[in-house]
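Some notes on the structure that comes next.
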Amino acid sequence: MSRPLLEIKDVTAGYGRISVLHDVSIDVRLGEIVALIGANGAGKTTTMMTIFGRPRATRGRIIFDGEDITDLPTHEIALLRIVQAPEGRRIFPRMTVMENLQMGSIIADDPAVFDEDLEKVCTLFPVLKKRRDQRGGTLSGGEQQMLAIARALMGRPKLLLLDEPSLGLAPLIVKQIFAVIKELNSRHGLTVFIVEQNAYHTLKLADRGYVMVNGRITLSGTGKELLERKDVQAAYLEGGGEGALREGASP
Ligand code: ATP
């Protein structure tokens with residue numbers, strides 16, 4: 001088994017006096033795709049943002065690559081090359097595709113590799129090459145999501161965090177994007193932590209997954225094990241969980 005890259009250990013966190021996360025423990029090993037699934041408002045985004053210290057864990061520890069990052073300032077955590085691809089509409093809308101990608105490369109901080117990285121992301125998402133001079137805000141939803149992921153990749157992440165990459169996208173585009181994530185992982189060894197409501201595609205993609213309900217981890221297992229569980233199917237795959245999707249269902 002590979003070594004742990006990210007360890008979230010018994011973390012409690014919230015906003016003001018309200019705790020949203022309760023004793024959350026998740027680990028992501030080098031080379032894995034790990035998913036966190038849960039309904040709307042379960043605390044998935046908060047979990048992801050807690051890695052960056054926004055909000056801070058009030059209990060528990062967060063360890064990245066053997067280093068305790070729980071109390072590090074957010075900008076120092078970003079420098080460790082934990083890179084988040086936010087939900088697609090949070091690209092820079094007034095900047096061109098190329099400028100967005102240049103912004104992403106700031107974290108990598110190595111101008112010598114810019115062209116090489118650009119070529120790589122344009123091979124993964126050929127449409128971005130076609131749209132390179134177009135403003136981000138004029139792209140379709142799917143293209144914006146691709147740009148968000150491509151921008152994150154330009155930062156040469158050690159750990160890629162994906163926040164709801166399927167949100168609001170047509171099933172065909174979701175399939176396309178998830179196929180690229182799979183390729184990044186299997187071919188390039190990229191470690192990925194993905195937070196999603198779209199349980200079906202995500203658990204199919206993930207090596208392991210965690211289920212979050214009201215800020216607590218209630219289940220964990222391999223993606224396959226979770227997909228086969230009747231309770232997960234009932235809550236997240238058959239319309240029981242808000243926003244949960246089956247293959248082919250409209251988002
Ligand atoms: P979604 O899929 O809707 O984004 P989620 O599982 O990612 O849901 P979070 O966004 O982490 O859930 O929200 C968890 C809870 O924390 C919700 O009750 C939400 O209202 C609350 N919350 C989120 N952000 C803040 C904030 N900045 N200030 C106060 N409460 C917040």
Side-chain angles (χ1 to χ4, degrees), residues 6 8-28 33-60 62 70 73-75 77-78 82-91 141-142 144-145 148-149 152 159-171 173-174 177-178 181 192-206 208-220 223 226 231-232 234-246 249-251:
L6 175 72
I8 299 175
K9 295 183 171 182
D10 302 318
V11 162
T12 294
Y15 304 96
R17 270 185 286 172
I18 299 171
S19 287
V20 172
L21 305 181
H22 310 275
D23 297 320
V24 170
S25 293
I26 292 173
D27 52 76
V28 181
I33 299 180
V34 173
L36 175 62
I37 62 164
N40 214 337
K44 305 180 301 296
T45 302
T46 302
T47 304
M48 189 164 273
M49 292 314 294
T50 304
I51 299 168
F52 290 103
R54 290 192 303 189
R56 290 261 166 223
T58 51
R59 275 191 47 208
I62 301 177
T70 322
T74 299
H75 65 275
I77 296 171
I82 303 175
V83 186
Q84 187 196 16
E87 194 263 305
R89 289 180 211 286
R90 282 170 48 207
I91 48 140
Q144 290 189 18
Q145 186 58 62
I149 297 173
L159 173 64
L160 177 66
L161 305 179
L162 293 169
D163 193 1
E164 309 233 14
S166 78
L167 196 71
L169 302 182
I173 306 288
V174 174
I177 288 177
F178 278 37
I181 298 167
V192 179
F193 180 45
I194 176 171
V195 156
E196 261 289 355
Q197 284 185 38
N198 186 339
Y200 180 79
H201 285 288
T202 310
L203 292 176
K204 267 188 86 173
L205 174 79
R208 289 187 305 111
Y210 294 82
V211 176
M212 177 168 269
V213 178
N214 293 333
R216 293 180 196 276
I217 300 296
T218 54
L219 274 177
S220 64
L226 291 177
D231 48 356
V232 171
Y236 301 105
L237 301 175
E238 290 169 357
E242 288 175 68
L245 296 177
R246 269 194 291 181
S250 298

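Since we're looking at a predicted model, the values are computed, not measured. We count ligands from 1, going down the list as the structure has it; atoms in each ligand are counted the same way.
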So, the side chain of Lys44 versus the backbone of Gly38: is there a donor-acceptor pair under 3.5 Å, distance only? yes
Report the nearest protein non-hydrogen atom to atom 18 (O) of ligand 1: residue, atom name, distance rounded to 0.1 Å. Gly41 O, 4.2 Å
Is Arg54 atom CZ crowded by more than 12 heavy atoms from other residues, nucleotides or ligands, each under 6.0 Å away? no
Do side-chain atoms of Tyr210 reach the backbone of Asp27 as a donor and acceptor pair under 3.5 angstrom? yes
Note: ligand 1 atoms sitting under 4.0 Å from heavy atoms of Val20 are 14 (C), 15 (C), 16 (O)
Can you confirm whether something in the protein, heavy atoms only, sits under 4.0 Å from atom 11 (O) of ligand 1? yes
Proximity to ligand 1 by part of Met212, non-hydrogen separation under 4.0 Å: neither
For ligand 1, is Glu164 a contact, meaning one of its heavy atoms is under 4.0 Å away? yes
Under 4.0 Å from a heavy atom of Ala39: give me the atoms of ligand 1 that qualify, with their elements. 6 (O)
Heavy-atom contacts with Thr45 under 4.0 Å: which atoms of ligand 1 show up? List them by number with element. 4 (O), 5 (P), 7 (O), 10 (O), 11 (O)
Between Arg59 and Asp23 (salt bridge meaning N to carboxylate O under 4.0 Å), is one present in this structure? yes
Give the atom numbers and elements of ligand 1 that come within less than 4.0 Å of a heavy atom of Ala42. 5 (P), 6 (O), 12 (O)
Contact between ligand 1 and Pro55 is defined here as a heavy atom of the residue under 4.0 Å from a ligand atom; is it met? no
Heavy-atom gap Gly38 to ligand 1 smaller than 4.0 Å: no
Atom pair CD1/CG of Ile217 and Asp10 - distance to nearest 0.5 Å: 11.5 Å
Atom 5 (P) of ligand 1 - nearest protein heavy atom and its distance: Lys44 N, 3.5 Å
Starting from atom 3 (O) of ligand 1, find the nearest protein heavy-atom neighbour and note its residue, name and distance. Asn40 OD1, 2.2 Å
Can you check whether Thr70's main-chain N or O pairs, donor with acceptor, with Arg56's side chain at less than 3.5 Å? yes
Please tell me if atom 31 (C) of ligand 1 is touched by the protein, where touching means a protein heavy-atom distance below 4.0 Å. yes
Is a side-chain N or O of Thr74 found less than 3.5 angstrom from the main chain of Phe52, in a donor-acceptor match? yes
Spell out, as yes or no, whether a donor-acceptor pair under 3.5 Å connects the side chain of Glu196 to the backbone of Ser166. yes
shortest atom 22 (N) of ligand 1-to-protein heavy-atom contact is with Tyr15 CE1, 3.4 Å
the protein heavy atom lying closest to atom 9 (P) of ligand 1 turns out to be Thr46 OG1, 3.6 Å
Atom pair CG/CG of Leu205 and Asn198 - distance to nearest 0.5 Å: 10.5 Å
